[in-house]
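So the structure is just underneath, and the comments pick up after that.
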Amino acid sequence: MPMETLWPKHQIWLESCGYKLRSRYQHDWVASWKGTNKDPGNCEDSVVVTYRRVMDATRISDGAPVALKVIWTNRRRSDETRIGQLFSSPGLVTDPRNHCVPIYEVIDSPSIEGMRLLVMPLLRPWPNPPFVTVGEAVEFFRQIFEGLSYMHELNIAHRDLHRGNIMMDAGEMYPKGYHPVHLSKSKDFRRYATHHTRTERPPKYYLLDFGLSRHYPEIRLDAPVRGGDKTVPEFQGEGHKTPYDPFPVDVYYLGNIIFEEFLSRYSNLEFVRTLVSEMIQNDPKKRPTIFEVVCRMDEIISTLNELQLRRRLVRRAEYIPFRLIRDVVHFMRQARFIVGRVPPMPLKPVLATHKSAGEEGLEEEIPDEEAPYEKASGDKALDEQHPTQMSTDNVLPRSSVTGVSSA
């Protein structure tokens, strides 16, 4: 069934579950431009979803924007649901080091066997809007390193980290919201969406899509699996036949994202080049662990002063007259931030702006230095803190029809 027609068939059921689709995906939708002189391109209900398996919706209880992701439980084995729910469990979801996208709810289609929906916050692609300062880029590096180290602490490898599997909660940057498909437009599609900079309202970055992720309680060697990044040295030539350690590959993935998206584009981030070069070297045994990467990144940050962090990101081969104009505009903006005492990087871990339905304490205070985070590690964390989370027996999807299979 084409996804464009699938959603209207589920619209009434989804509303009974507490989620409202946009007008185009109502079962009785009639195009708003029909019988008028309106240009369909100016009508909100002309906008179709970009990704076939992800639909935007609104949570009826509080108006929060959410994303509904389709996974097929009867097509291939996947740990996506149970790993996602582990990181969404009460003991982990409030930890600011946790950068795994939370799953609010799991619901199974009442009419299509094997179709499961994961309800998650609506997130925004991390490069949009563009980064402006060195400090904004450094905070992005810090958060994604922290997020992967949190996964690896629990002996979980992501195995498919690429630019499309990192997103951000931009709720603070866009206090009036934005359209879920045409990101530059307002929610009502009538104007352009206004936003603050990342410096003013720091976003929280999330790792997502755990379809290839796996928990490794003991043995860490596994059969190669190709994700979105096809450049992994271990998988080249005959390497695709050799068992590999997925944890150094995760480190390679993040290093390659920074190399391709930042070092190759901007000229004033050279202070991370040595670290990134070590992360993407061909021999996986010579790559630093993600825990070493986090420590190295903290050391690098400690050497950067406020002036360096506030500097504008300068593109390679930037046309000099444009550079001068941009420098002046940037100086004026940063002067305003300095007067307003806006730090170049967040002073505390960035908290999520979204909450689960009925959840009031998600944005809890961050422990201070006298009350450090209690670090979990490996199987002990999974067995002692969350003994049931890694079992599919404890995934309890909701269905409006008794007897619908959830397997």
Side-chain angles (χ1 to χ4, degrees), residues 51 53-54 69 71-73 75-88 92 97-103 118 120 123 126 143-167 205-261 276 279-294 377-379 381-382 389-390 392:
Y51 302 103
R53 295 194 301 124
V54 180
K69 179 180 179 179
I71 61 173
W72 299 99
T73 61
R75 292 187 180 177
R76 67 179 177 87
R77 178 183 178 275
S78 173
D79 292 338
E80 182 164 10
T81 300
R82 64 195 184 107
I83 287 178
Q85 288 197 318
L86 167 68
F87 288 110
S88 301
L92 301 185
R97 295 176 302 143
N98 182 357
H99 291 264
C100 296
V101 61
I103 295 178
L118 305 183
M120 302 175 288
L123 301 178
W126 61 268
Q143 286 196 38
I144 60 175
F145 291 162
E146 181 179 66
L148 183 59
S149 71
Y150 196 74
M151 293 188 70
H152 284 196
E153 277 186 23
L154 298 178
N155 287 338
I156 296 173
H158 190 286
R159 304 207 305 168
D160 191 21
L161 284 169
H162 56 84
R163 65 169 289 167
N165 281 343
I166 302 174
M167 299 188 80
Y205 299 98
Y206 284 99
L207 311 181
L208 59 150
D209 193 352
F210 307 116
L212 297 179
S213 301
R214 186 166 294 179
H215 174 227
Y216 295 89
E218 295 179 2
I219 300 175
R220 288 168 44 135
L221 292 180
D222 205 344
V225 56
R226 289 180 179 267
D229 186 342
K230 311 299 184 185
T231 65
V232 179
E234 291 93 306
F235 301 160
Q236 306 306 313
E238 295 296 311
H240 67 279
K241 301 177 182 179
T242 306
Y244 80 112
D245 185 343
F247 292 86
V249 172
D250 277 354
V251 171
Y252 174 89
Y253 284 146
L254 290 191
N256 200 39
I257 289 172
I258 295 174
F259 178 78
E260 294 290 343
E261 303 292 336
V276 171
M279 294 172 68
I280 61 176
Q281 57 186 317
N282 289 338
D283 187 347
K285 294 180 180 179
K286 293 182 180 180
R287 293 174 201 151
T289 67
I290 191 60
F291 310 112
E292 294 170 335
V293 170
V294 169
S377 62
D379 296 337
L382 292 174
Q389 288 295 332
M390 294 303 291
T392 53

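Only a predicted model underlies this, so the values are computations on that prediction, with no experimental measurement involved.
- Annotation for Pro224 and Thr242: closest pair CG-O, 3.0 Å, computed over non-hydrogen atoms.
- Here CD1 of Ile290 is found 12.5 Å from NE2 of His158. Values are rounded to the nearest 0.5 Å.
- Closest approach of Ser88 and Pro102 over heavy atoms only: OG-CA, 3.2 Å.
- For the pair Glu292 (side chain) and Thr289 (backbone), a donor-acceptor distance under 3.5 Å is present.
- With values rounded to the nearest 0.5 angstrom, Leu254 atom CG is found 15.0 Å from Phe259 atom CZ.
- Using a distance-only test at 3.5 Å, with no hydrogens or angles considered, no donor-acceptor pair links the side chain of Asp160 to the main chain of Gly211.
- Arg53 places a side-chain heavy atom less than 4.5 Å from the side chain of Ile71.
- By the 4.5 Å heavy-atom criterion applied to side chains, Asp222 and Arg214 are counted as neighbours.
- Here the straight-line distance linking atom CD of Gln143 with atom CH2 of Trp126 works out to 13.0 Å at 0.5 Å rounding.
- In this structure, Asp250 contributes its side chain and Arg159 its backbone to a donor-acceptor pair below 3.5 Å.
- Rounding to the nearest 0.5 Å places CD1 of Ile166 at 4.5 Å from CD1 of Ile144.
- For the pair Asp209 (side chain) and Asn165 (backbone), a donor-acceptor distance under 3.5 Å is absent.
- The shortest distance between side-chain heavy atoms of Arg82 and Phe210 does not fall below 4.5 Å.
- Between Phe235 and Tyr244, the ring planes lie perpendicular to each other; the angle is over 60°, past the 30° to 60° tilted range.
- Under the 3.5 Å distance criterion, the side-chain polar atoms of His162 are left unmatched by any main-chain donor or acceptor of Asp229.
- Residues His215 and Asp79 bring no donor and acceptor atom of their side chains to less than 3.5 Å of each other.
- Open room surrounds NZ on Lys286; 12 or fewer heavy atoms of other groups in view lie less than 6.0 Å from it.
- In this structure, Leu207 and Met151 approach most closely via the heavy-atom pair CD1-SD, 4.0 Å.
- Scanning all heavy atoms of the two residues, the minimum distance from Phe145 to Ile258 falls at CZ-CD1, 3.4 Å.
- We find the CG-CD distance between Asn98 and Glu153 to be 10.5 Å, quoted to the nearest 0.5 Å.
- Checked against the 6.0 Å centroid criterion, the rings of His99 and Tyr150 do not qualify as a close aromatic pair.
- When all heavy atoms of Tyr253 and Gly227 are compared, the closest pair comes out as OH-N, 4.2 Å.
- Salt bridge status for Glu234 with Arg287: present, with a side-chain N to carboxylate O gap under 4.0 Å.
- Within a 6.0 Å sphere centred on CZ of Phe291, heavy atoms belonging to other residues, nucleotides or ligands number more than 12.
- With respect to Lys69 and Glu80, a salt bridge is recorded, a charged nitrogen being found less than 4.0 Å from a carboxylate O.
- Once rounded to the nearest 0.5 Å, the distance linking OH of Tyr252 with CG of Leu161 reads 13.0 Å.
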Begin with the C-alpha distance, continue with both residues' side-chain angles, and end with the deciding distance and a verdict on side chain to side chain contact (heavy atoms under 4.5 Å, CB included) for Leu148 and Val293. CA-CA 10 Å; Leu148 183 59; Val293 170; over 6 Å; no

Candidate pair Leu92 and Leu154, rule side chain to side chain contact (heavy atoms under 4.5 Å, CB included), full reasoning: CA-CA 11 Å; Leu92 301 185; Leu154 298 178; 3.9 Å; yes

